[in-house]
Amino acid sequence: MRIFLDLAWFFRQEWHRYLLGISILAAVAVLNLIPPRIVGGLVDDISHQRIRGSLLLRDLALLLAIALVVYALRQAWRRMLYGSSARLARLLRDRLYRHYSQLSPRFYQQHRVGDLMAHATNDIQAIEQTAGDGILTLADSITTGALVVGTMAFTIDWKLTLVVLIPMPFMAWATSRYGLLLHDRFLLAQAAFSDLNGKVQENISGVRVIKAFGQEAAERRAFAELSEEVVARNVAVARIDALFDPTIQLIVGLSYFLAVAVGAVFVVRGGLTIGDLTAFTMYLGQLIWPMLAFGFLINIVERGRASYDRVRRLLEEPVDILDHPDATDTPPAGDLEVRIERFTYPGAAEPALSDVRFRLPRGATLGVVGRTGSGKTTLLRLLLREFDVEAGDIAIGGRSIYQVTLRALRRSIAYVPQDHFLFSATIAENIAFAKPEAGRDEIVAAARMADVDADIRRFPGGYDTLVGERGVTLSGGQKQRISIARALLMDAEILVLDDALSAVDARTEARILAALREQRAGRTTVIAAHRLSAVQHANLIVVLEGGRIREMGRHEDLLAAGGWYAQTYARQQLEALVEEGGHPWQA
Ligand SMILES: Nc1ncnc2c1ncn2[C@@H]1O[C@H](COP(=O)(O)OP(=O)(O)OP(=O)(O)O)[C@@H](O)[C@H]1O
């Protein structure tokens with residue numbers, strides 16, 4: 001029951017609703033004590049043949065009135081209790097989502113997306129159930145249970161009450177035990193179903209690869225195995241389900257049997273009237289739900305506690321990329337100065353960057369090149385403060401990026417990541433993602449600069465065409481250029497392109513770069529690339545290898561130096577020429 005203490009902060013917040021809900025619940029329990037008494041009296045009147053029309057009518061009217069009042073009150077407490085628990089779910093969901101949005105890539109690297117989704121859905125649902133059904137069953141078991149047992153013992157017969165109560169603890173035990181088994185098996189069945197779903201989804205998405213490699217038969221076999229597993233797991237659920245009802249009915253039946261058998265003896269001996277026995281069996285009927293509920297309560301509480309612990313652990317996960325207490329909120333501008341002594345990814349043995357130092361004047365273009373895995377993306381991620389350096393600093397306009405709020409820093413930088421991402425929205429909405437108030441003219445201008453305007457106009461809906469799962473399928477190059485347009489629309493102090501031109505051909509790349517040079521004069525651009533042609537006009541080119549600067553300078557200097565840059569440039573030029581149908585010796 002610790003979960004109720006854990007949730008005390010919420011119950012305090014909503015105390016008036018809970019108090020009212022539980023009071024109404026108790027009032028219903030009290031009202032429900034009246035009908036068995038009326039029916040018992042009527043039975044005695046009939047058996048003694050002293051029934052009178054007017055009295056019968058009065059009693060029936062009273063029964064009807066009670067039924068109507070109970071009907072209205074039951075609705076009222078449901079609204080109170082379930083309304084509050086739904087509010088708790090919304091509150092926790094919002095908190096969790098806000099926390100998710102503050103956590104850094106370090107956190108996402110350590111958790112699976114599926115698990116994080118499950119915490120935000122299943123766990124919150126279990127907590128909601130604790131605050132709704134849990135409180136309801138607790139209050140109901142206690143109030144109805146105590147009132148009914150008290151009425152049976154004090155107004156009818158305490159010995160008979162003790163006798164019929166004997167099987168009740170078994171019922172609570174059976175409910176709790178079967179409930180737990182059912183829940184565990186249900187989770188396994190759900191997991192098997194979700195594996196099956198995942199398989200179907202993956203196979204439909206990857207159908208071209210499956211066919212191309214002739215793996216249809218193997219995939220069909222794998223699917224059949226998963227499908228069999230789903231059936232087996234569901235049969236396991238059904239087996240427990242099949243045991244549950246008969247067991248409960250057996251125990252309830254036993255209780256009724258004891259009531260009637262022992263009660264009949266009491267009636268014959270004259271200690272009890274038939275009317276009393278009738279009322280007694282009706283009370284017994286009212287006792288079944290609280291006993292069942294008590295069993296359910298144990299499971300609800302168990303699940304709620306486990307879920308609340310998981311959600312709390314997530315909410316306590318520290319936000320590691322934080323604003324410095326004295327950070328200023330003005331977006332930084334000016335020369336970019338990088339002085340990274342060392343940066344190591346969480347959990348990695350070797351530093352990803354060491355001794356990376358350079359200075360780039362405001363308005364200049366920086367090229368970052370190097371073999372795959374040399375640290376290009378890492379350098380850009382440090383600039384964006386996705387991670388913080390271990391030792392060293394990065395400054396813009398003489399101000400350390402750690403002395404600026406994250407909001408201000410991100411307003412200064414427009415970023416086109418390597419793994420671009422488009423939302424399920426229209427093309428215009430995707431481009432205007434960071435500036436929703438942008439007019440159509442601005443959106444079109446950004447798309448022109450990214451050389452994607454003509455492509456967009458060819459789609460049936462133009463800029464209003466939907467992209468993503470429900471929309472058109474875009475080529476890799478189109479997606480890339482829409483991502484570039486999105487960053488360009490921000491018109492930021494620093495534009496960062498992480499291998500953002502890899503999926504476009506050399507001519508398109510040249511057009512986009514020329515447009516950038518013209519439109520972004522006076523503002524800084526950082527381009528990480530594999531194709532050296534993307535950086536050859538840069539004012540400074542940094543060549544990384546194993547996280548260290550291997551060469552640095554302008555294109556001409558690096559060519560003259562005859563190192564990795566010069567060799568790679570010569571090779572790429574040759575490849576480009578061959579691709580275009582020329583001959584290497586014409587180069
Ligand atoms: N999140 C991470 N956690 C641990 N190590 C990482 C992480 N991301 C990258 N690394 C490692 O850091 C090194 C530098 O990676 P980075 O992505 O910066 O290289 P890159 O030059 O951008 O490569 P590419 O050209 O293939 O994009 C690599 O050895 C990589 O394996």
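Ligands are counted one by one from 1 in listed order, and the atoms in each one are counted from 1 as well. Excluded from the calculations below are hydrogen atoms, water molecules and symmetry mates; all remaining heavy atoms, backbone and side chain alike, are included.
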A student comparing Y108, F343, F387, Y345 should find that the heavy atom closest to atom 5 (N) of ligand 1 comes from Y345
Can you check whether V356 reaches R548 side chain to side chain, under 4.5 Å on heavy atoms?
no
Open item on the list: Is the ring pair Y565/H555 parallel, tilted or perpendicular, if the boundaries are 30 and 60 degrees?
Closed with: perpendicular
* Asked: Is D464 salt-bridged to R440, cutoff N-O under 4.0 Å?
  -> yes
Original post:
If we ignore angles and hydrogens, is there a donor and acceptor under 3.5 Å between the side chains of Q536 and Y569?
Top reply: yes
| message | Would you say S502 and Q480 are linked by a side-chain donor-acceptor pair, where the criterion is simply a distance under 3.5 Å? | response | yes
For atom 26 (O) of ligand 1, the closest protein heavy atom turns out to be T372 OG1, 2.6 Å
Flag: protein heavy atom within less than 4.0 Å of atom 22 (O) of ligand 1 | yes
Atoms of ligand 1 under 4.0 Å from any heavy atom of H530, numbered from 1 in the order shown, are 25 (O)
Give yes if a backbone or side-chain nitrogen or oxygen of G375 is under 3.5 Å from a nitrogen or oxygen of ligand 1, and no if not. yes
inquiry  = With nothing but distance in play, are any N or O atoms of K376 less than 3.5 Å from an N or O of ligand 1?
reply    = yes
Note: heavy atom closest to atom 24 (P) of ligand 1, options P105, G373, P351, G370, belongs to G373
Atoms of ligand 1 under 4.0 Å from any heavy atom of T378, numbered from 1 in the order shown, are 14 (C), 15 (O), 16 (P), 18 (O)
- Message: Test your reading of the model: is there a side-chain donor-acceptor pair from S412 to the backbone of P332, 3.5 Å cut-off?
- Response: yes
- Using atom types as modelled and distance alone, determine if a side-chain donor or acceptor of R550 lies under 3.5 Å from a backbone N or O of G546. no
- For atom 13 (C) of ligand 1, decide whether some protein heavy-atom distance is shorter than 4.0 Å. yes
Closest to atom 27 (O) of ligand 1 among protein heavy atoms sits Q418 NE2, 2.8 Å
Check: Any luck finding a side-chain donor-acceptor pair between D323 and T405 under 3.5 Å?
Finding: no
In ligand 1, the atoms that come under 4.0 Å of a heavy atom of Q109 are 1 (N), 2 (C), 3 (N), 4 (C)
Atom 17 (O) of ligand 1 has as its nearest protein heavy atom T377 CB, 3.6 Å
